[in-house]
Amino acid sequence: MTTPLPAAPVPANGPVDTSPIVLTPARGSDLDAIWSAVVPETRVRSNDIHLPVSLAYAERLCDAHPEADALLVRVAILLHDVGWGRVDESRIIAEGFTGDWRKAAIRYEHEKQGCEIAREVLPPLGYDDAFIERVAAIIDGHDTRAEAYSLEDALVRDADRLWRFDHVGIALASGWFSMDPATYCDRLRAEIVPELLTQAAIEMALASLARSEALLKTDVLR
């Protein structure tokens with residue numbers, strides 16, 4: 001079952017961990033079979049970095065929101081961007097990170113492909129049809145839809161954004177957007193923080209961004 005989404009920013013009902021994400025990698029091995037099934041799709045657009053870091057953030061958000069369906073959130077965040085592995089790789093940067101990138105056709109394509117991958121890899125691993133369709137409903141529109149439909153949807157969206165605030169996310173994504181790190185950090189603060197749907201994610205983002213800006217000397221390297 002999915003959980004209705006309260007008005008944003010949604011207050012936390014559990015602990016909010018704002019320490020460096022490297023201190024809390026994703027827990028357990030219960031999702032390892034899914035990881036193994038999508039290894040080829042993780043080798044595109046740095047998904048082999050983005051997805052594990054995003055899963056670690058998603059688990060922190062689930063700790064802050066114990067009322068959410070944690071398995072749904074964890075599986076959906078693991079699979080949300082695997083669709084990039086089945087689109088024209090030459091178009092990812094050219095179309096997906098320039099101009100009005102939020103409405104780029106390739107972003108809709110990667111969401112559609114992600115849903116198809118979820119429907120391919122999850123049934124043999126014992127996940128039932130109803131669960132798989134809830135996963136697909138979150139993947140579909142996670143980049144292009146303006147609103148979240150449930151708390152689980154919101155947690156996936158926030159986890160997808162939170163990795164950008166860590167120094168590893170800044171190192172990768174600033175290059176994708178052809179920005180220097182200081183300019184990209186400014187963009188995170190001005191554009192991405194307001195998109196976060198939970199108070200826990202806002203606190204995590206601001207704490208991580210402050211550490212990253214200090215580490216990368218963005219006050220002078222601009």
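- The heavy-atom pair separating Asp69 from Thr3 by the smallest distance is N-OG1, 4.5 Å.
- The two residues Asp143 and Arg107 make their nearest non-hydrogen contact at OD2-NH1, 2.6 Å.
- With salt bridges taken as basic N to acidic carboxylate O contacts below 4.0 Å, none links Glu109 and Lys112.
- How far CG of Asp158 is from CG of Leu61: 6.0 Å, rounded to the nearest 0.5 Å.
- Looking at Arg222 and Asp186, a side-chain N of the basic residue comes within less than 4.0 Å of a carboxylate O on the acidic one, giving a salt bridge.
- Here Asp81 pairs with Arg45 in a salt bridge; the nearest charged N to carboxylate O distance falls below 4.0 Å.
- Considering only heavy atoms from C-beta on, Thr2 stays 4.5 Å or farther from Leu151 through its side chain.
- A salt bridge links Arg189 to Glu213: one of the charged nitrogens lies within less than 4.0 Å of a carboxylate oxygen.
- With contacts defined as side-chain heavy-atom distances shorter than 4.5 Å, the pair Pro181/Leu221 does not qualify.
- Under 4.0 Å is where a charged nitrogen must lie from a carboxylate oxygen, and between Arg86 and Glu120 at least one such pair does.
- Under the 3.5 Å distance criterion, the side-chain polar atoms of Thr42 are left unmatched by any main-chain donor or acceptor of Asp48.
- Here CG of Leu71 is found 4.0 Å from CZ of Phe131. Values are rounded to the nearest 0.5 Å.
- Atoms CZ and CD, on Arg119 and Glu116 in that order, are 5.5 Å from each other to the nearest 0.5 Å.
- Atom CG of Asp30 has more than 12 neighbouring heavy atoms from other residues, nucleotides or ligands inside a 6.0 Å radius.
- To the nearest 0.5 Å, the span separating CD1 on Ile139 from CG on Leu78 amounts to 9.5 Å.
- With rounding to the nearest 0.5 Å, the separation of CD1 in Ile21 from OG1 in Thr24 is 4.0 Å.
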Derivation of the side chain to side chain contact (heavy atoms under 4.5 Å, CB included) call for Arg211 and Phe165: CA-CA 9 Å; Arg211 287 190 295 264; Phe165 294 84; over 6 Å; no
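- A salt bridge links Arg27 with Asp63: at least one charged nitrogen is closer than 4.0 Å to a carboxylate oxygen.
- Between the side chain of Asp153 and the backbone N or O of Tyr149 there is at least one donor-acceptor pair closer than 3.5 Å.
- In this model, a donor atom of one side chain and an acceptor atom of the other lie less than 3.5 Å apart for Asp180 and Thr183.
- By the 4.5 Å heavy-atom criterion applied to side chains, Leu55 and Leu31 are counted as neighbours.
- The two atoms that bring Arg157 and Glu147 nearest to each other are NH2-O, 2.9 Å, heavy atoms only.
- Listed here is the closest heavy atom pair of Asp17 and Met204: O-CG, 3.5 Å.
- A distance of 9.5 Å separates SG in Cys115 from NE2 in His110, rounded to the nearest 0.5 Å.
- At least one side-chain heavy atom of Thr198 sits less than 4.5 Å from a side-chain heavy atom of His65.
- Checked by atom type, the side-chain pair Ser54/Asp160 shows no donor-acceptor distance below 3.5 Å.
- The ring pair (Phe, Tyr, Trp, His ring centres under 6.0 Å) pairs that include a residue from residues 11-55 are His50-His80, His50-Trp163, where partners are two or more places apart or lie in different chains.
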Derivation of the side chain to side chain contact (heavy atoms under 4.5 Å, CB included) call for Ile170 and Leu188: CA-CA 9 Å; Ile170 293 168; Leu188 289 174; 4.0 Å; yes
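- In terms of heavy atoms, Ile77 sits closest to Leu51 at O-CD2, 3.7 Å.
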Verdict with supporting geometry, Leu197 and Ile202, side chain to side chain contact (heavy atoms under 4.5 Å, CB included): CA-CA 8 Å; Leu197 298 170; Ile202 293 170; over 6 Å; no
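- Remark: the Glu111 side chain and the Thr144 side chain contain an N/O donor-acceptor pair separated by less than 3.5 Å.
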Check against side chain to side chain contact (heavy atoms under 4.5 Å, CB included), Glu41 and Trp84: CA-CA 7 Å; Glu41 287 78 16; Trp84 287 118; over 6 Å; no
Which pairs would a plain distance check flag for residues 5-14, meaning a side-chain donor or acceptor within less than 3.5 Å of a matching protein atom at least two apart in sequence or in another chain?
{"from": "Asn13", "atom 1": "ND2", "to": "Glu67", "atom 2": "OE1", "distance (Å)": "3.3"}
{"from": "Asn13", "atom 1": "ND2", "to": "Glu67", "atom 2": "OE2", "distance (Å)": "2.9"}

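- In this structure, the side chains of Tyr127 and Ile34 come closer than 4.5 Å at one or more pairs of heavy atoms.
- Note: the hydrophobic cluster containing Leu72 also contains Leu125 (ILVMFWY, side chain heavy atoms under 4.5 Å, direct or indirect links).
- Linking Ile, Leu, Val, Met, Phe, Trp and Tyr whenever their side-chain heavy atoms come within less than 4.5 Å puts Phe177 and Leu209 in one cluster.
- For the pair Leu155 and Ala68, the tightest heavy-atom approach, listed with the atom from each and the gap, is CD1-CB, 3.7 Å.
- Side-chain N/O atoms of Ser208 and Arg164 include no donor and acceptor closer than 3.5 Å.
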